[in-house]
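One structure is given here, and the rest of the page talks about it.
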Amino acid sequence: KNEVEQSPQNLTAQEGEFITINCSYSVGISALHWLQQHPGGGIVSLFMLSSGKKKHGRLIATINIQEKHSSLHITASHPRDSAVYICAVRRGGGADGLTFGKGTHLIIQP
Amino acid sequence: DVKVTQSSRYLVKRTGEKVFLECVQDMDHENMFWYRQDPGLGLRLIYFSYDVKMKEKGDIPEGYSVSREKKERFSLILESASTNQTSMYLCASSLAGRGFFGPGTRLTVL
């Protein structure tokens, strides 16, 4: 079983829809990251969370440490939001390397 | 803005060749990482470094080595490239747990 599980793997939605991507993890963590990868490979860090909720524009990320679960929400989705969204955790215990989920491929249709 | 650059976006090499992938960051970060990304497997950590001349194995170090002679530069070395090392290679640096990624190098080994 992977240490970081994302769902769904693929998601196609219409412009304007509210999008939710989920991430569950099975190890102790010190932080959780949400990353965005556009076609061509470039990765952008969206959020780093250790508790609660963060908001940036139309993006909202939440984490529940007790349930070992995080969600990424996109409000009023737009075709330019089409990308792969990756959840990654930094394990507790000092290691700084990240463990990644396999990503969610999101397509927003006009 | 933090900038992480990688020496090549695309690289084609032959089996048995020695391959160098270079990564440079301009923000004096101590931590640097090399990942590979493969369809269905997501991102996996190959090696990381906490400081100059320091290196630590990640999850999949076999067939790779690294060099960190200067703080800003972290090199990934394939001593004898093999076809199963065809992949997208991503370099990252981090500060306070937040990762900054390079654009990636898509390596094809023929």
Side-chain angles (χ1 to χ4, degrees), chain A residues 1-10 21 23-51 54 56 61 63 65 70 83-106, chain B residues 1-6 8-11 21 23 25 27 29-51 54-61 64 66 74 87-108:
Chain A
K1 188 179 189 300
N2 293 327
E3 291 179 338
V4 182
E5 296 275 0
Q6 280 185 241
S7 64
Q9 288 186 14
N10 298 283
I21 300 170
C23 176
S24 297
Y25 53 92
S26 58
V27 295
I29 69 168
S30 54
L32 182 143
H33 299 251
W34 280 103
L35 310 171
Q36 181 191 55
Q37 185 175 29
H38 280 286
I43 291 181
V44 174
S45 177
L46 297 174
F47 295 103
M48 182 178 75
L49 295 162
S50 53
S51 65
K54 286 190 176 179
H56 185 250
I63 188 168
I65 297 294
S70 176
V84 176
Y85 292 85
I86 302 169
C87 171
V89 299
R90 181 155 59 94
R91 286 170 277 191
D96 203 41
L98 297 174
T99 301
F100 296 84
K102 292 183 180 179
T104 295
H105 188 195
L106 174 67
Chain B
D1 277 353
V2 175
K3 197 167 183 182
V4 180
T5 57
Q6 294 182 228
S8 305
R9 290 300 303 272
Y10 299 94
L11 207 53
L21 302 182
C23 174
Q25 49 95 4
M27 280 300 290
H29 288 174
E30 290 182 347
N31 303 329
M32 296 187 75
F33 309 85
W34 275 105
Y35 300 92
R36 64 177 282 177
Q37 185 178 32
D38 301 287
L41 297 176
L43 280 146
R44 294 177 291 167
L45 180 64
I46 305 171
Y47 267 97
F48 60 101
S49 169
Y50 284 139
D51 204 347
M54 274 202 55
K55 59 183 179 184
E56 296 284 344
K57 292 180 180 179
D59 299 320
I60 51 163
Y64 303 94
V66 290
F74 191 35
S87 187
M88 168 72 90
Y89 290 88
L90 285 147
C91 174
S93 70
S94 77
L95 179 68
R98 189 177 172 203
F100 299 86
F101 287 83
T105 296
R106 188 167 291 283
L107 172 67
T108 301

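In what follows, chains carry the letters A, B, and so on, assigned in the order in which the sequence lines appear, proteins first and then strands, with residues in each chain numbered from 1. Worth saying up front: this structure is predicted, and the values here are computed from it rather than measured. Below, each value reflects all heavy atoms present in this structure, side chains not excepted, and no hydrogens, waters or symmetry copies.
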| task | For K102(A) and G40(B), indicate whether the former's side chain and the latter's backbone hold a donor-acceptor pair under 3.5 Å. | result | yes
Cut-off 4.5 Å, heavy atoms of chain A, and the answer for L41(B) is backbone
- Side-chain heavy-atom pair Q37(B), V84(A) within 4.5 angstrom cut-off: no
With I43(A) as partner, the option from F100(B), Y35(B), F101(B) fulfilling side-chain contact (heavy atoms from CB on, under 4.5 Å) is F101(B)
Contacts satisfying salt bridge (Lys or Arg N to Asp or Glu O under 4.0 Å) that involve residues 42-51 of chain B (not counting sequence neighbours) are D38(B)-R44(B)
